[in-house]
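Naming convention: chains lettered A, B, ... in sequence-line order (proteins, then strands); numbering from 1 in each chain. Bear in mind that the values here come from a model prediction, so they are computed numbers and not experimental data.
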2 protein chains.
Amino acid sequence: MPTENLLEHIRKFVPFSKEEEETLLTYLNVKSLKKKEFLLKEGQICIANHFVVKGCLRMFYITEEGTEQMIQFAIDNWWMTDYMSFDVQKPSQFNIQAVENTEIVYLDKQKMEELFSKLPKTERYFRIIIQKAYAASVMRLRYIFTQSGEERFLHFCESFPEFVQRVPQYMLASYLGFSAEFLSKIRAKKI
Amino acid sequence: MPTENLLEHIRKFVPFSKEEEETLLTYLNVKSLKKKEFLLKEGQICIANHFVVKGCLRMFYITEEGTEQMIQFAIDNWWMTDYMSFDVQKPSQFNIQAVENTEIVYLDKQKMEELFSKLPKTERYFRIIIQKAYAASVMRLRYIFTQSGEERFLHFCESFPEFVQRVPQYMLASYLGFSAEFLSKIRAKKI
DNA sequence: AGAAAATCTTGAACTAGTTCAAGAAATGAG
DNA sequence: CTCATTTCTTGAACTAGTTCAAGATTTTCT
C-alpha cells in the first residue's frame with residue numbers, strides 16, 4: 001500500500017490516532033509515473049504536493065542557452081513541489097519530471113487546506129518537514145559557496161553513494177553546479 | 001511597542017482573537033542589539049528564533065581561507081535563525097550578528113514548543129513563513145546557477161535598492177557569491 | 001539482433017572571476 | 001579635530017571551470 005509509506009513517515013514526526021489516520025487517508029491520491037513523465041511543466045500552475053513512495057523525481061528548468069539546470073531531486077520518502085507556484089497559484093518557473101518509474105502519493109492544494117483545518121496536526125507535520133528542507137537548502141548554499149566542483153562531487157559521492165549510480169551524470173553535474181564535461185574530467189582523474 | 005510589529009506581521013497570515021494575542025505576547029522577549037553584537041557564534045547551540053523589528057542581521061561563516069562568507073540577511077519583518085542547529089539543538093556552523101543597531105523580538109526553543117501546543121495557530125503562521133523562506137531560497141539557487149556575477153548584482157540592485165546602501169559592499173559581494181574586488185570592478189564599469 | 005536515442009569522454013581554446021598587494025577614501029571613537 | 005579602523009579601488013598575474021566539436025559507449029525500443 002503506497003499510502004502506508006506516507007503514514008509511516010508522518011508518524012515519525014507527529015503521532016496520530018487510528019481514526020485520524022483513517023481521515024487522513026481519504027485526502028490522499030496515488031499515482032504511478034513512467035520514466036520521463038512530467039508532473040509539472042514550466043508555465044503551468046503547480047496544484048499538488050507530491051510524496052515519493054518509490055522512485056525519483058527531478059526539478060529543473062531550461063536556461064536561456066537551452067541547457068537543463070537541475071534544482072533538486074526527490075527520492076523515496078521526500079516531498080517535492082514548487083512552493084513558489086503552489087503557495088500563490090501562479091505559473092511555475094520549473095519542471096518536475098520522473099527520472100525513473102516512480103510511485104507517488106499526492107495532496108492537491110485545496111485538499112491540503114481542508115486537511116489543515118480538519119486535522120491541525122498535519123500542519124505541524126508539514127511545518128517540520130519544510131523546516132528541514134529549508135535548513136538543507138541553506139547547507140547546500142554553503143557547499144556551493146565554499147567547495148570547489150571536485151570537492152562537492154566527492155562529498156556528494158560519500159554522502160549519497162547509491163544515488164550517484166541512479167541518475168545520469170549530466171543531471172548530477174548540473175545539480176552540483178558545473179558542466180557535464182567537467183564531471184567527466186573529474187572522474188577520469190580519480191579512477 | 002516592538003512586539004506590536006510582530007503581531008501585525010502575524011495577522012497578515014493568521015487571524016487571532018484579542019485573548020490569543022494577549023497569550024502570545026507572554027511568550028515573547030525583546031532585545032536591543034548594538035552594531036556588531038552577536039546573537040550566535042559558530043559552535044554555540046542556537047536557542048532562539050529572532051524577528052527583526054528594525055535594523056539588520058547577517059548570517060555568515062568563516063571559510064578555511066579565513067574569509068567571511070555571507071549566507072543571508074534579515075531586515076525589518078524577517079525572521080532569522082539557524083534552523084539546522086535550532087531544530088536538533090546541535091552546535092551551529094554559522095554566526096548571526098547585527099550589521100547595524102537592531103531591535104529584535106525573539107522566541108526561545110522551549111517557549112516556541114509550548115506556544116505551538118497552547119496556540120496551534122502559531123504553528124500555522126510558522127509553517128507559512130518558513131515555506132516562503134524555503135521558496136525564496138530555491139529561487140536564490142536559481143539565480144546563482146544561471147546568472148553571471150554582474151547580472152546578479154544588477155538584479156539585486158533593482159530588487160532591493162535601499163538595501164544596497166545599507167550594508168558594506170564586501171558583505172553584499174559575498175552574499176551574491178563573488179569577491180569584494182570583483183564587485184568594485186563591476187561598479188567601476190557601470191558608473 | 002540491430003537501429004536509434006541517450007549518455008559519456010577527450011582535447012584545445014577560452015573566459016569569468018580570483019588572488020595578491022598596496023594605496024585611497026570614508027567612517028568612527030575619544 | 002585627529003588617529004585608527006574599516007571599507008573600497010585598481011592592476012597584473014593567474015586558475016577553475018566552460019564551450020565546442022567529434023567520437024565512443026551504453027541503453028532502449030521494436
On DNA chain C, nearest-nucleotide positions of B:Lys35 versus B:Phe182: which is more 5'?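 Closer to the 5' end of DNA chain C: B:Phe182.
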
N or O in side chain of A:Ser179 less than 4.0 angstrom from D:dT18 OP1/OP2: yes

Ignoring backbone atoms, test whether B:Gln169 places a side-chain nitrogen or oxygen under 4.0 Å from the OP1 or OP2 oxygen of D:dT9.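 For B:Gln169, the contact criterion (side-chain N or O under 4.0 Å from OP1 or OP2 of D:dT9) is met.
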
Atom-pair distance ([atom1] on [X]; [atom2] on [N]), nearest Å:
{"X": "A:Arg187", "N": "D:dT25", "atom1": "CZ", "atom2": "P", "answer": "15 Å"}
{"X": "A:Arg166", "N": "C:dT7", "atom1": "CZ", "atom2": "C1'", "answer": "19 Å"}
{"X": "B:Leu172", "N": "D:dT6", "atom1": "CG", "atom2": "P", "answer": "20 Å"}
{"X": "A:Phe153", "N": "C:dC8", "atom1": "CZ", "atom2": "P", "answer": "11 Å"}
{"X": "A:Gln165", "N": "D:dT26", "atom1": "CD", "atom2": "C1'", "answer": "15 Å"}
{"X": "A:Glu68", "N": "C:dT7", "atom1": "CD", "atom2": "C1'", "answer": "12 Å"}
{"X": "B:Ile186", "N": "C:dG17", "atom1": "CD1", "atom2": "C1'", "answer": "9 Å"}
{"X": "B:Tyr170", "N": "D:dT10", "atom1": "OH", "atom2": "P", "answer": "20 Å"}

Name the closest nucleotide to the [X] side chain, picking from [options].
{"X": "B:Arg152", "options": "C:dG17, C:dC8, D:dT9", "result": "C:dG17"}
{"X": "A:Ser184", "options": "C:dT9, D:dT18, D:dT10", "result": "C:dT9"}
{"X": "A:Phe178", "options": "D:dG17, C:dT10, D:dT9", "result": "D:dG17"}
{"X": "B:Ala188", "options": "D:dT9, C:dC8, D:dT10", "result": "D:dT10"}
{"X": "B:Glu181", "options": "D:dC20, D:dG17, C:dA21", "result": "C:dA21"}
{"X": "A:Lys185", "options": "D:dT28, D:dT9, C:dT10", "result": "C:dT10"}

Side-chain ion pair, A:Arg124 and B:Glu113, N-O less than 4.0 Å: yes

Polar side-chain atom of A:Gln97 near backbone of A:Lys36 as donor-acceptor pair, under 3.5 Å: yes

Main-chain N/O of B:Glu42 paired with B:Ser92 side-chain donor or acceptor, under 3.5 Å: no

Ignoring hydrogens and geometry beyond distance, is a side-chain donor-acceptor pair present between B:Gln69 and B:Ser174 at under 3.5 Å?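 Short answer, yes.
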
Does the side chain of B:Thr67 come under 3.5 Å of the side chain of B:Glu65 through a donor N or O and an acceptor N or O?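 There is no such pair (donor and acceptor under 3.5 Å, judged by atom type) between the side chains of B:Thr67 and B:Glu65.
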
Could you say whether B:Lys36 or B:Leu183 is positioned toward the 5' end of DNA chain D, judged by the nucleotide with the nearest heavy atom to each?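 Whichever sits nearer the 5' end wins; that is B:Lys36.
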
